[in-house]
Undergrad: 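My questions will all concern the structure given below.
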Amino acid sequence: GFSQVGAESGWRTANTDSIKGEAAKRGIELKFADAQQQQENQIKAIRAFIAQGVDVIAFSPKVETGWEPVLKEVKAAGIPVVLTDRAVTVSDPSLYVTFIGSDCVEEGRRAGAWLAKKTGGKAVIAELVGTSGSSPAIDRKKGFAEVLAKNPGMKIVKSQSGDFTRAGGKQVMEAFLKSPDAKQLTALFAHNDDMALGAIQAIEEAGLKPGKDIVIVSIDGVKGAFEAMVAGKLNCTVECNPQIGPQLFDLIEKVAAGQKVPERVAVEEGVFDETQAKAELPNRKY
Ligand code: GYE
């Protein structure tokens, strides 16, 4: 049984394709439930998986907290849990076997380091935060803030959640640009590409040049981000690899066979800026 967060971004769609594709390839019967960005739906799906007696439950938790009760039910049913992509906070670490996903603190650091280099350590920044309470939003903010702490010339003056969606990014950026002090903004840090792509539209509609008047760095590395870089509208994307199906099912098969697995499995990723975008675009798989 796999409970997916939703279909909020290009990253998520690629992640779902990778998981479904890998299950089919291995001949594994996958019960896939899309929670449409609602934690309650994920909890319901997990309870349904228990009732159906699945061998392993995997899920990408929308937010970090609120999982303890349902995870206790899963444990009582003797079903192992594999977390993927997003992390949870629980007081009892035996409530899941392993977690496979990106190091989102490191992604935030990489975005900050790139921006510090690009701007010579001087930037007045607007931040588009991911889904409130989700581990990638918490971690990316944290990693980025570490870089700001070392660069007194860089500061965040606006910060709000755009819920990891294009529409959310556009709407929040529009509001930022309408505020009386909008003129001071020189940079945008978006926690994912979809929000950056929405913000690019808002910036253009406000009569400004995205990528020039406002330097933009985001995270994920989806094709649309590379196209925006080639068009000169986005400056950098930090890769977050959604294609974790093969690594996820390697783990699931081991867990189902009762083998020992590491508690944390990381995903390898890079950073790509406007100077590499054209050459890299044909290689992008998501
Ligand atoms: O960056 C974003 C998606 O959890 C790492 O969720 C994932 C994030 C990804 O909506 O685009």
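All residue numbers refer to positions in the sequence shown, counting from 1.
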Undergrad: Let me have the donor-acceptor pairs involving side chains of residues 250-260, under 3.5 Å, with sequence neighbours excluded, atom names and distances please.
TA:
unit_1, atom_1, unit_2, atom_2, d
Asp250, OD1, Arg26, NH1, 3.1
Asp250, OD1, Arg26, NH2, 2.8
Glu253, OE1, Arg26, NH1, 3.3

Undergrad: Is atom CD of Glu29 surrounded by more than 12 heavy atoms (other residues, nucleotides or ligands) closer than 6.0 Å?
TA: no
Undergrad: Using only heavy-atom distances, determine whether the side chains of Asn235 and Glu274 contain a donor-acceptor pair under 3.5 Å.
TA: yes
Undergrad: Taking the side chain as every heavy atom from C-beta outward, state whether Val88 and Tyr96 have any pair of such atoms under 4.5 Å apart.
TA: yes
Undergrad: Can you name the closest pair of heavy atoms from Leu208 and Ile214 and give their distance?
TA: CD1-CD1, 4.4 Å
Undergrad: Which heavy atom in Ala35 sits nearest to a heavy atom in Asn41, and how many Å separate them?
TA: O-ND2, 3.0 Å
Undergrad: Salt bridge or not for Glu73 and Arg47, using N-O below 4.0 Å?
TA: yes
Undergrad: Answer yes or no: is there an ion pair linking Asp181 with Lys158, defined by an N-O contact shorter than 4.0 Å?
TA: yes
Undergrad: Linking I/L/V/M/F/W/Y whenever any side-chain heavy atoms sit under 4.5 Å apart, do Met154 and Val124 land together?
TA: no
Undergrad: Let me confirm one number: the CZ-CD1 distance from Phe2 to Ile28, rounded to the nearest 0.5 Å.
TA: 13.0 Å
Undergrad: I'd like to know if Arg284 and Glu280 make a salt bridge, using a cut-off of under 4.0 Å between side-chain N and carboxylate O.
TA: yes
Undergrad: In terms of hydrophobic clustering (I, L, V, M, F, W, Y; side-chain heavy atoms under 4.5 Å; direct or indirect links), are Val230 and Leu234 co-clustered?
TA: yes
Undergrad: How far does OG of Ser102 sit from CD of Glu239, to the nearest 0.5 angstrom?
TA: 9.0 Å
Undergrad: Are Val5 and Glu8 packed together at the side-chain level, in the sense that at least one heavy-atom pair is separated by less than 4.5 angstrom?
TA: yes
Undergrad: Heavy-atom count around Glu263 CD within 6.0 Å, excluding the residue itself: above 12?
TA: no
Undergrad: Please output the side-chain donor-acceptor pairs of residues 165-173 that fall under 3.5 Å, not counting sequence neighbours, one pair per line with the distance.
TA:
unit_1, atom_1, unit_2, atom_2, d
Thr165, OG1, Gly162, O, 3.3
Thr165, OG1, Gly168, N, 2.9
Lys170, NZ, Glu174, OE2, 3.1
Lys170, NZ, Glu205, OE1, 3.4

Undergrad: Is it true that Asn192 and Trp11 share a donor-acceptor pair across their side chains at a distance under 3.5 Å?
TA: no
Undergrad: Restricting to pairs with a member in residues 187-216, which pass ring-ring contact (aromatic ring centres under 6.0 Å, His included), not counting sequence neighbours?
TA: Phe144-Phe189, Phe189-His191
Undergrad: Indicate yes or no for a side-chain donor-acceptor contact from Gln42 to the backbone of Gln36 under 3.5 Å, with no hydrogens or angles considered.
TA: no
Undergrad: Nearest 0.5 Å, what's the CE-CD1 distance between Met195 and Ile200?
TA: 12.5 Å
Undergrad: Check for a donor-acceptor pair, side chain of Asp103 on one end and backbone N or O of Val105 on the other, with a separation under 3.5 Å.
TA: yes
Undergrad: Would you check if the side chain of Glu269 reaches a backbone N or O of Asn241 as a donor-acceptor pair within less than 3.5 Å?
TA: yes
Undergrad: Check the pair Lys75, Lys72 against side-chain contact (heavy atoms from CB on, under 4.5 Å), reporting the backbone distance first and the verdict last.
TA: CA-CA 5 Å; Lys75 194 179 172 186; Lys72 280 186 182 146; 5.5 Å; no
Undergrad: Any side-chain heavy atom of Val265 sitting closer than 4.5 Å to one from Phe99?
TA: no
Undergrad: Calculate, to the nearest 0.5 Å, the distance between atoms SG and CZ belonging to Cys240 and Arg140 respectively.
TA: 4.5 Å
Undergrad: Any non-hydrogen side-chain atom of Leu95 less than 4.5 Å from a side-chain atom of Val81?
TA: no
Undergrad: Any side-chain heavy atom of Gln52 sitting closer than 4.5 Å to one from Lys31?
TA: yes
Undergrad: If only atom types and distance count, is the side chain of Asn151 paired as donor or acceptor with the main-chain N or O of Gly153 below 3.5 Å?
TA: no
Undergrad: Once side chain to side chain donor-acceptor pair (under 3.5 Å) is applied, what residue pairs with a partner in residues 130-139 remain, sequence neighbours excluded?
TA: Thr131-Asp163
Undergrad: Give me the atom names and distance for the closest heavy-atom approach of Phe226 to Thr237.
TA: CE1-CG2, 3.9 Å
Undergrad: Looking just at side-chain N and O atoms, do Ser159 and Glu127 make a donor-acceptor pair shorter than 3.5 Å?
TA: yes
Undergrad: Apply side-chain contact (heavy atoms from CB on, under 4.5 Å) to residues Gln184 and Val157 and explain how you reach the verdict.
TA: CA-CA 9 Å; Gln184 59 170 335; Val157 293; 4.1 Å; yes
Undergrad: Cation over ring, Lys20 on Phe32, under 6.0 Å and within 45°?
TA: yes
Undergrad: Between Ile244 and Val267, what is the shortest heavy-atom contact and its length?
TA: CG2-CG2, 3.5 Å
Undergrad: Using side-chain heavy atoms (C-beta onward) and a distance below 4.5 Å, is Leu248 in contact with Ile19?
TA: yes
Undergrad: So that I can tick it off, tell me whether Arg109 and Glu106 are bridged by a salt bridge, with the cut-off set at under 4.0 angstrom between side-chain N and carboxylate O.
TA: yes
Undergrad: Could you give the distance from CD1 (Ile46) to CG (Leu71), rounded to the nearest 0.5 Å?
TA: 6.0 Å
Undergrad: So, Arg264 side chain and Gly101 main chain: donor-acceptor pair closer than 3.5 Å or not?
TA: yes
Undergrad: Between Val54 and Phe249, is there shared hydrophobic-cluster membership here, with clusters defined by ILVMFWY side-chain heavy atoms closer than 4.5 Å?
TA: no
Undergrad: Drop me the distance from Ile216's CD1 to Asp193's CG, to the nearest 0.5 angstrom.
TA: 11.0 Å
Undergrad: Are the side chains of Phe176 and Leu128 in contact, using a 4.5 Å heavy-atom criterion?
TA: yes
Undergrad: Is there a donor-acceptor pair under 3.5 Å between the side chain of Ser9 and the backbone N or O of Asp194?
TA: no
Undergrad: If every non-hydrogen atom of Val271 is compared with every non-hydrogen atom of Cys236, which pair is closest and at what distance?
TA: CG1-SG, 3.7 Å
Undergrad: side-chain contact (heavy atoms from CB on, under 4.5 Å) between Val74 and Ile50: does it pass, once the steps are laid out?
TA: CA-CA 7 Å; Val74 180; Ile50 300 175; 3.8 Å; yes
Undergrad: Applying side-chain contact (heavy atoms from CB on, under 4.5 Å) to Val215 and Leu115, what does each step give before you reach the verdict?
TA: CA-CA 8 Å; Val215 174; Leu115 190 62; 3.8 Å; yes
Undergrad: For Asn15 and Gln4, test the side chains for any donor-to-acceptor distance below 3.5 angstrom and give the result as yes or no.
TA: yes
Undergrad: What pairs with Ala113 under side-chain contact (heavy atoms from CB on, under 4.5 Å), at least two apart in sequence or on another chain?
TA: none
Undergrad: Shortest non-hydrogen contact from Ala137 to Phe164?
TA: N-CZ, 4.2 Å
Undergrad: Within the structure provided, determine whether Phe272 and Leu281 are in side-chain contact (heavy-atom separation under 4.5 Å).
TA: no
Undergrad: What donor-acceptor contacts under 3.5 angstrom involve side-chain atoms of residues 56-64, with partners at least two apart or in another chain?
TA:
unit_1, atom_1, unit_2, atom_2, d
Ser60, OG, Arg12, NH1, 3.3
Ser60, OG, Thr84, O, 3.4
Ser60, OG, Asp85, OD2, 2.6
Lys62, NZ, Gln37, O, 3.2
Glu64, OE1, Thr89, OG1, 3.2

